[in-house]
2 protein chains.
Amino acid sequence: MIATKGAAETLSRDAVIERALALADAEGLDAVTIRRLGQEFGVTPMALYWHVKNKEELLDAMGDRIFAAVELDYASTALWDEQLRAVVRALVQAMRAHPTCVELAYRRIFGSAEGQRLAEHTLGLLRRAGFTVRQTADIASHALQTAVMLVSAEPGAEPGFNEDERNENLAVKRAGLMALPADVFPYIREAADELLHCDDMADYYEFGIDMFVAGARATLADTA
Amino acid sequence: MIATKGAAETLSRDAVIERALALADAEGLDAVTIRRLGQEFGVTPMALYWHVKNKEELLDAMGDRIFAAVELDYASTALWDEQLRAVVRALVQAMRAHPTCVELAYRRIFGSAEGQRLAEHTLGLLRRAGFTVRQTADIASHALQTAVMLVSAEPGAEPGFNEDERNENLAVKRAGLMALPADVFPYIREAADELLHCDDMADYYEFGIDMFVAGARATLADTA
DNA sequence: ACCTGAACACCGTTCAAGT
DNA sequence: ACCTGAACACCGTTCAAGT
């Protein structure tokens, strides 16, 4: 049972979605079950079906919430590559709030209102930059996928563990890599720490986003 | 029940893993359950536990299989960017054989023998190209993630559906996009076909890989 | 060495019934 | 309008028992 903040919440569609997100954050997406959510609200599992059609619809709604939190200056007049960078930054920022749920968001771009708005904006800025329709579709998809992959690959932060357990987990992985023979795997051993850990998350994300935008810029240069 | 090719296979660790991959290809990863695999072999679910420790170990073994199929010229003397391209190409090729299982492979790089070999190779070529250890770790991770995202985002090819159902599915999605108001969503409507479908898969993958490598190249140029 | 039967603690979901 | 009870068809896994 997740820490109940304040009084026992009353059941409602919004409350269910919010609790589901909190549960995913705390214990992983697998912990989000209809029966468990019933427990959280002190109610029969079947009670949830009044507020939510079924589990799939609940997961979709969770994905929509993530897009709804995207904050982007749609009126920006910056150059196209700066605008593309801003799109990925905004996606990453929204997804980091619920890292275990990125895959849910991924499939809801065209299904959610905010996702549609974001997609339209991104496709537009790419088309006006001079990309073909085909390139535009691919790059826009890659932008979303890049955000998904950066967040879901974020080293550490596995749910369902406290900090001690996470450190223990990391130490085990590190030991596993360092146990490899030094003559055959010098590079893995050299990079072990950097592969498993990252002490500046801001740098991690900026580096990933920079590389993506640089790739897009190079593609445009090659085409023109 | 998946089409039983030839006689009823005898139970063995290898047979279980292979059947699990075939099942995932045909009906998705969710269809892979211990009980279902028991059915496939005409055997009690518990019989599988003799050949496989538990479900997690089975999933890990499936991931290892994917890496084991990676074909790469480890002795290549090409320039670093061409070698990096070859790494992603090889990963994509191996993963396309079992597209629903890419996430299983993803977490097995450092756990499987072939994954370790591939990681060492990739880290080495990046280090010798002049990247820092931090950059090397990030770019190598991105290489794997790029392959994962290209394959898992491959338009169409959702399992558990025959071709008619997939076309129907596509038509529904297309109709959904074309139903958006033309004045607010001109770019989504323009790109609808390209967003949902791709008639040249080779181009799709080459474009994605090119963009990734171009990003890495630009990063090195900026650093130097 | 390899497989089975029974059992346990879980899932999502339906449907009639209660208030 | 909103919730419950009972039931169904699923999961993964353990453990003693069979051959």
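Note that the structure is predicted; figures quoted are calculated from it, not measured.
Taking 4.0 Å as the cut-off between side-chain N and carboxylate O, B:E40 and B:R36 count as a salt-bridged pair. Residues A:E114 and A:R117 are paired through a salt bridge, judged by an N-O separation under 4.0 Å between the basic side chain and the carboxylate.
Annotation: cation-pi pair A:R108/A:F67 absent, no NZ/CZ under 6.0 Å from the ring centroid and within 45° of its normal.
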Pairing string, 5' to 3', for DNA chain C - Watson-Crick or wobble contacts under 3.5 Å, brackets [ ] where pairs cross, | to another strand = ||.|||||...|||||.||

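Nucleotides of DNA chain C with any atom under 4.0 Å from a heavy atom of chain B span, from 5' to 3', C:dA1 to C:dA6.
Between A:E206 and A:R89 there is a side-chain heavy-atom pair separated by less than 4.5 Å. Using a 4.5 Å heavy-atom cutoff, the side chains of B:Q93 and B:Y205 are not in contact. At least one side-chain heavy atom of B:V16 sits less than 4.5 Å from a side-chain heavy atom of B:F41.
Residue-to-nucleotide proximity on DNA chain D shows that, of A:R35 and A:V43, the 5′-proximal contact is made by A:V43. Sequence order on DNA chain C of the closest nucleotides to A:T33 and B:W50 puts B:W50 first from the 5' end.
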Would you please test A:E194 and B:R134 for salt bridge (Lys or Arg N to Asp or Glu O under 4.0 Å) and show each step?
-> CA-CA 6 Å; A:E194 278 79 2; B:R134 175 78 261 164; 5.3 Å; no

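For B:N167, the CG atom is densely surrounded, since the number of other residues' heavy atoms within 6.0 Å is greater than 12.
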